[in-house]
Each structure stands twice: as C-alpha cells, then as structure tokens.
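This report refers to the structure that appears directly beneath it.
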Amino acid sequence: MLSRQVRSLSTKPSLKPVNPNFGSGPCSKRPGWTLDALKGAALGRSHRSKLGKNKLKESIELTKKVLKVPKDFRVGILAGSDTGAYEAAMWSMLGPKPIDVFQWESFGAGWQSDIDNQLGLGSKAAFHKAEYGELPDLSKARKDADISFTWNGTTSGVCVPNGDWIAADRTGLTLCDATSAAFAMDLPWDKLDVTTYSWQKVLGGEGAHGVIILSPRAVERLESYTPSWPMPKIFRLTKKGKLIEGIFEGATINTPSMLCVEDYIDALNWAEEKGGLDGLIKTSQANLDVVKKWVEKTPYASFLAKDPKTVSSTSICLSLDGLDGKKVKELVALLDKENVAYDIGAYRDAPDGLRIWGGATVEPKDMELLMPWLEWAYGQVKSA
C-alpha cells in the first residue's frame, strides 16, 4: 500500500484550489468577496457621527444574532485585535480570586506570562500546562477560581471538546480566548463569562479590531472590583465604578477603521445567508472531514492533536513523518510557488508540520483539491 501511495505522488495534480488562501490569520475572505462589498463604508466620516455609530451598532447587533449571544450579554468592539480584547479583560477583572490558567500552545502561554509577569498575580494562580498536541487536565478547574483558557489552540490545532468541565455553579469567572473558535464551534454561553475574538479569523475580516462579550456576572465583577494597578485608557471598561455602556452600543474607546467595520458587516451578512452559526459550523466541519479522510489513508500524515475529540476544525495541524523541519519548509514553499496553498507552515513555536485553515470562508471543494497536492509535494521533497 505504501509503495503504491509513493508512486502516485510523482504525478502532478492537474486541478488547483480556486482559492489558495489556507493561512490561519488573517484568513481567507468569504467566497465571492470583492471590493464592491465595501461600497457602503462610512469613509471620511466620524465614527462618532450618527452614521458611524449606526454602522458600529449594526455590527454589534449582527454579531449577537449570528453567534446566538444571550440577550443579557454585552458585545463590544475594542482595539488591538483579540490580544487587545483579552488583555482588557485580564487587566480589568483578574485579581480578587484565585486563578486557574490552562495553556497548551503559544497564545495561552502568552496569557499565562502576562498574568504572572505583568499583573504580578503568579502567587494567586495555578498554572496547568500541556505540550503541543495535548490538553492539560481540565478537571483541575476550581469553581471558586477565575479560569483563563483558549477554546481552540490556534497554533496547536487542539481545542476543548466542550464546556462540561466548567462548573455551572462557579463563583469565579471564565475568560475564554475564542479567536479561532468563534463562528466555527459551538460556544456554550452559560459557561462563558468573558469571550474574545478577532474579525480576521473564521469570518475572514481585517485585522486590528477585537470583540469582547460579557456575561452579567462579568459586568458585576467590573462594577464591584477596582484593580490595584494603573489602567491604560485602551483597557478601561468602567468609569466611576460603572460599566461604560457606550462601548457596547457602538461608542468605541478609540477610532476604529470604518472600512474594516463595513467589511465585518459584509461578513456577518454573508454568514446569515449561509444559515447562520449552524451553517458556518457545518462548513468548517466539512473541511475537517476532508482532511480526516486524507489522513486515514496517508501513512505518513497524522494530526498533531493526540485525542481525536480535540482535533480543531479551523487550525488543522498535521505532522508529516519522514520530513525534517527543513524539508517541511521546502514543501510549504513548493505549494506556495505553485499557487496552490499559501501560508500553511506550522506556527514558529510549534513542532514542524503543517497548519491548514479550515474555517468557514474556505470551501470544502478547495480543501479536497488541496489533498492531492500535499501528496505530490511530499513526494517531491522526500525524493529530492
């Protein structure tokens, strides 16, 4: 079987993916996207004008609708992409309770580092770490502690399978970095108090803007707790002990790009046309299914995620036996040169391998067309 597989690799595929953008962020624009989608942008107008505020508010309301956010939750737009949104949450809310930090890839490690080294809360925190490809022991989450975690490890391709490990009767808050999960995975809002993401992942939006979603319990924390450290203006969600409600109605802290806002609105409207959240999840799962079938029949390929229940449908990370790091980079460069797949190398801190984006803006038929090219490229660099 293996010899037949290897022989087939010498034949260069004749069909290429229509869209070669398989990178994990910024991610592919939606199918059919053109610059015409931005014609309605409030360019040259203040974001605080009636038009500007209405555009921002429209994006917030569409976000709630597509993500099925509960009516009593708040959705706000912040600066600095997902990083800015998550940092605002940590700087504003962590401190009054013990903290359980779960990390299994580079971004979770970054949140742990900031909690320990920037906020100085290491003495109040329990750090639960796993290596790439695995999850830490989630059963160690305490219901009286705040919890920091990523729903989907963008750089490892490992996601939490569900929210069952989070106590329903918790007294602490959950802070969830969902940047590569939102719009592609089912997020249990009853288990999430603070959720953040960026526009540039599953919806293929543009960079620099983050979204923060707050439960009523998170708002209560904001209004009852004042951190001991100075708070940068860009992170301030309260004023005189009260939530700044304007942030969650379109009055952003600083100036957003109205061009990017228009692009986000376009992506959200497209999401609605695809059947909303269910349609987006279905597409991402279909992409993962394509890769699963290929891995099952390919002796040298495997998922970086060790447990099948934790394999990500968005940042799909693969290991390739028989190729060292240099050879993997040659494979990635070859597919780039052929205009077949761009930006599919593993994250710089991750083990050598591939990271293929399977979010909802990637069409499964393009994922199917990519698989033979992976085989061909593997054969080319393996025999070189």
Side-chain angles (χ1 to χ4, degrees), residues 73-129 136 140-151 154 166 170-179 191-198 207-249 251-256 349:
F73 279 49
R74 268 95 160 178
V75 176
I77 298 169
L78 299 178
S81 193
D82 176 64
T83 301
Y86 203 81
E87 291 284 358
M90 292 194 296
W91 281 65
S92 298
M93 287 178 252
L94 293 182
K97 283 185 170 290
I99 310 165
D100 283 327
V101 183
F102 295 91
Q103 62 103 341
W104 55 94
E105 48 88 58
S106 60
F107 288 102
W111 308 143
Q112 173 177 311
S113 176
D114 286 355
I115 290 169
D116 189 7
N117 301 316
Q118 302 302 319
L119 299 181
L121 296 173
S123 63
K124 302 189 70 171
F127 299 125
H128 309 287
K129 178 182 177 181
K140 292 183 178 179
R142 296 167 289 175
K143 69 179 183 179
D144 62 341
D146 292 334
I147 300 172
S148 170
F149 74 105
T150 54
W151 190 274
T154 311
I166 300 170
R170 64 191 178 282
T171 56
L173 298 180
T174 53
L175 280 66
C176 175
D177 170 1
T179 197
K191 297 296 182 73
L192 304 178
D193 296 302
V194 182
T195 307
T196 66
Y197 68 89
S198 61
H209 301 77
V211 173
I212 188 167
I213 303 177
L214 303 178
S215 74
R217 298 179 68 251
V219 173
E220 181 183 8
R221 170 71 64 84
L222 283 166
E223 294 186 335
S224 63
Y225 166 64
T226 301
S228 59
W229 43 80
M231 184 69 66
K233 179 180 179 180
I234 206 72
F235 294 162
R236 293 177 201 160
L237 302 175
T238 61
K239 185 176 183 179
K240 296 181 179 179
K242 292 295 182 181
L243 187 73
I244 302 174
E245 293 285 0
I247 294 173
F248 306 92
E249 297 171 355
T252 54
I253 295 173
N254 72 329
T255 307
D349 296 335

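If you read the sequence from its start, that first residue is 1, and numbering goes on from there. Only this structure's heavy atoms are used, side chains among them; waters, hydrogens and symmetry mates stay out.
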Distance only, no hydrogens: is a donor on one side chain within 3.5 Å (strictly under) of an acceptor on the other, for D82 and T196? yes
Run the salt-bridge test on R217 and D193 with the 4.0 Å N-O cut-off and return the result as yes or no. yes
M90 and its side-chain contact (heavy atoms from CB on, under 4.5 Å) partner, picked from I99, D146, L175: L175
Quick one: are E87 and W111 in side-chain contact, heavy atoms under 4.5 Å? yes
So, does Y86 use its side chain to make a donor-acceptor pair with the main chain of A178 at under 3.5 Å? no
Counting C-beta onward and ignoring hydrogens, is there a side-chain heavy-atom pair between L243 and R74 closer than 4.5 Å? yes
To the nearest 0.5 Å, what is the distance between CG on L192 and CZ on F73? 7.5 Å
Are the side chain of E105 and the backbone of G108 linked by a donor-acceptor contact shorter than 3.5 Å? yes
How long is the gap from NZ on K129 to CD on Q103, to the nearest 0.5 Å? 5.5 Å
Should we count CD of E245 as having more than 12 external heavy atoms under 6.0 Å? yes
Mind checking whether K97 and T171 have side chains closer than 4.5 Å, heavy atoms only? yes
Keeping S198 on the side-chain end and G207 on the backbone end, is there a donor-acceptor pair under 3.5 Å? no
Can you check whether W91's main-chain N or O pairs, donor with acceptor, with W229's side chain at less than 3.5 Å? yes
Under 3.5 Å donor-acceptor, T174 side chain and K191 backbone: yes
